[in-house]
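Hydrogens, waters and symmetry mates are skipped; everything else that's a heavy atom, side chains included, is used.
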Amino acid sequence: MAAEGGNGTDSGSGRSCFVLGASGETGRVLLRELLARQLFARVTLIGRRWLSLGEETGAAVEQVVVDFERLSEHAAAFRGHDVGFCCLGTTRAKAGVDGFIRVDRDYVGQAAELARAGGCKHFLLQSSRGANQHSRFLYLRVKGEVENLVRAVGFDRCTILRPAVLLCKRQESRPMEWIVQQFLGVVAWVFPTAYSVPVEMVARTMVSSVLQPGKGKVEVLENEDIHKLGKAVPQQGT
C-alpha cells in the first residue's frame with residue numbers, strides 16, 4: 001500500500017472522497033474536475049497501480065494501491081470518505097469473460113460494501129445505457145447485476161449514471177471503437193443526446209450530482225439526463 005499527500009487546503013469543508021478507476025477515460029477527466037473545483041479537502045485514488053499525476057494535484061491527493069483479488073484486506077483505503085466515485089471497468093476483449101465479470105461486477109460490488117462500512121454516504125456508479133440483469137448481452141447483463149449489488153448496499157444516497165457510447169480520445173488503441181466514435185461524433189450533431197456522450201459530460205454530471213440535493217435514495221441518470229446535468233456545471237475556465 002502506498003500513499004502520497006497533496007498540498008493540503010481547506011477546500012471542500014473538510015469533506016473527502018475516493019475515486020475508483022481514475023486511470024480510465026472518465027476517471028481521468030473526473031479527477032481533473034475534482035481537483036480544479038476543489039470540492040473536497042482530500043481525494044483518494046484507489047487502484048491497482050500508481051498513477052503519475054504530474055502537476056494535476058491541486059488538492060490534497062492520496063494514492064492507495066490495492067490488490068483487487070484481496071480487496072477485503074484493504075478496508076482502510078475506503079474508510080473515512082463522504083463520497084465515492086466508481087468509474088472502474090474493463091472490456092471482454094481485454095480481460096476475457098471471467099475477467100470482465102470479476103472487474104465490472106465483483107470488484108465494484110465488494111468496493112461498494114467496503115465503502116459503506118467505512119462511512120461513505122453517497123456512492124456514484126458509472127454504469128451503461130441499457131443495463132439490465134436479464135439482458136441476453138453479457139455487457140448489459142453484468143452492468144445490470146452490479147447496479148443491483150450497489151443498490152442493495154444501502155447508501156444514504158446512490159447515483160447511477162447510464163451513459164451511451166462514450167466519446168473520448170482513448171490512450172489504448174481500440175480500432176473498431178474508434179470507427180464507431182467517429183460515426184457517432186457526426187451523428188451527435190443531429191441527435192446530440194441519443195446515442196453518445198463525451199466523457200467530459202459524464203464527469204461533470206458526477207460533479208453536478210454531488211453539488212445538488214438528491215432526488216430519492218437511488219437516482220438513475222439516463223444518457224439524456226447526463227447531457228442536461230453535465231451542461232448545468234460550467235466548464236473550467238468559462
Side chains of [X] and [Y] in contact at under 4.5 Å (non-hydrogen atoms):
X	Y	answer
E33	L31	no
T26	F85	no
V202	V197	yes
E69	R102	yes
I101	L138	yes
K231	K228	no
V83	L39	no
R92	Y139	no

Say whether, by atom type as modelled, one donor and one acceptor occur between the side chain of [X] and the main chain of [Y] under 3.5 angstrom.
X	Y	result
S16	R42	no
D104	T90	yes
R116	G154	yes
D82	R15	no
R157	H122	no
T205	M201	yes
K215	P213	no
N148	E145	no

Taking all heavy atoms of [X] and all of [Y], pick out the closest pair and write down the distance.
X	Y	answer
P163	S127	CD-O, 3.6 Å
F155	A112	CZ-O, 3.2 Å
C87	M206	SG-CE, 3.9 Å
H227	P198	CE1-CD, 4.2 Å

Review point. Shared ILVMFWY cluster between L45 and V210, side chains joined below 4.5 angstrom?
Key: yes

**Study point:** Worked check of side chain to side chain contact (heavy atoms under 4.5 Å, CB included) between D225 and E219
**Key:** CA-CA 11 Å; D225 301 318; E219 184 177 14; over 6 Å; no

Practice item. Report the C-alpha separation of C158 and L125 in whole Å, then their side-chain angles, then the decisive distance to 0.1 Å, and conclude whether the side chain to side chain contact (heavy atoms under 4.5 Å, CB included) test is met. Key: CA-CA 8 Å; C158 177; L125 172 68; 5.7 Å; no

**Study point:** Partners passing salt bridge (Lys or Arg N to Asp or Glu O under 4.0 Å) against R151 (at least two apart in sequence or in another chain)
**Key:** none

Review point. Got a sec, which residues hit ring-ring contact (aromatic ring centres under 6.0 Å, His included) with F18, two or more places apart in sequence or on another chain?
Key: F78, H81

Review point. Take atom CZ in R141; do more than 12 heavy atoms of anything else shown fall under 6.0 Å from it?
Key: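 Yes, because the 6.0 Å sphere around CZ of R141 holds more than 12 heavy atoms from other groups.
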
